[in-house]
Amino acid sequence: MYQLKVNNMTCGHCVNRITQAVKAVDPAAKLDANLEKKIVSIDSTHTLAEITAALAEAGYPAQAAS
């Protein structure tokens, strides 16, 4: 499972776009978004690089949450 910080995730629309971007890479991925903390937890069999590239392409650059 990956925990990513997405600083420009500010609303439900952002969560939907992030979900669509991840699902385009891995349709079986499971996501949980915390808007307040701007953290997205993603359970995927794909690599972190693939997931972050998809998010960046969708306009939501992400980095590993600490």
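Atom OG1 of T45 sits about 8.0 Å away from atom CD1 of I51, to the nearest 0.5 Å.
With hydrogens and angles ignored, the 3.5 Å screen pairs a side-chain donor or acceptor of Y2 with a backbone N or O of L48.
L4 is not listed as a side-chain neighbour of I39, based on a closest heavy-atom distance of 4.5 Å or more.
A search for side chain to side chain contact (heavy atoms under 4.5 Å, CB included) contacts involving E57 returns nothing, not counting sequence neighbours. With sequence neighbours excluded, the residues satisfying side chain to side chain contact (heavy atoms under 4.5 Å, CB included) with K30 are D43. Scored by the side-chain hydrogen bond (donor to acceptor under 3.5 Å, both in side chains) test, T52 finds no partners at all (sequence neighbours excluded). By the side-chain hydrogen bond (donor to acceptor under 3.5 Å, both in side chains) test, S41 is found to be paired with Q3, residues two or more places apart in sequence or in another chain being considered.
Sorted by first then second residue, the side chain to side chain donor-acceptor pair (under 3.5 Å) pairs that include residues 18-27, not counting sequence neighbours, are D26-S44.
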Compile the donor-acceptor pairs under 3.5 Å between side chains in residues 5-18 and protein atoms, sequence neighbours left out, one pair per line.
residue: K5; atom: NZ; partner: K37; partner atom: O; Å: 2.9
residue: N8; atom: ND2; partner: G59; partner atom: O; Å: 2.9
residue: R17; atom: NH2; partner: A58; partner atom: O; Å: 3.3

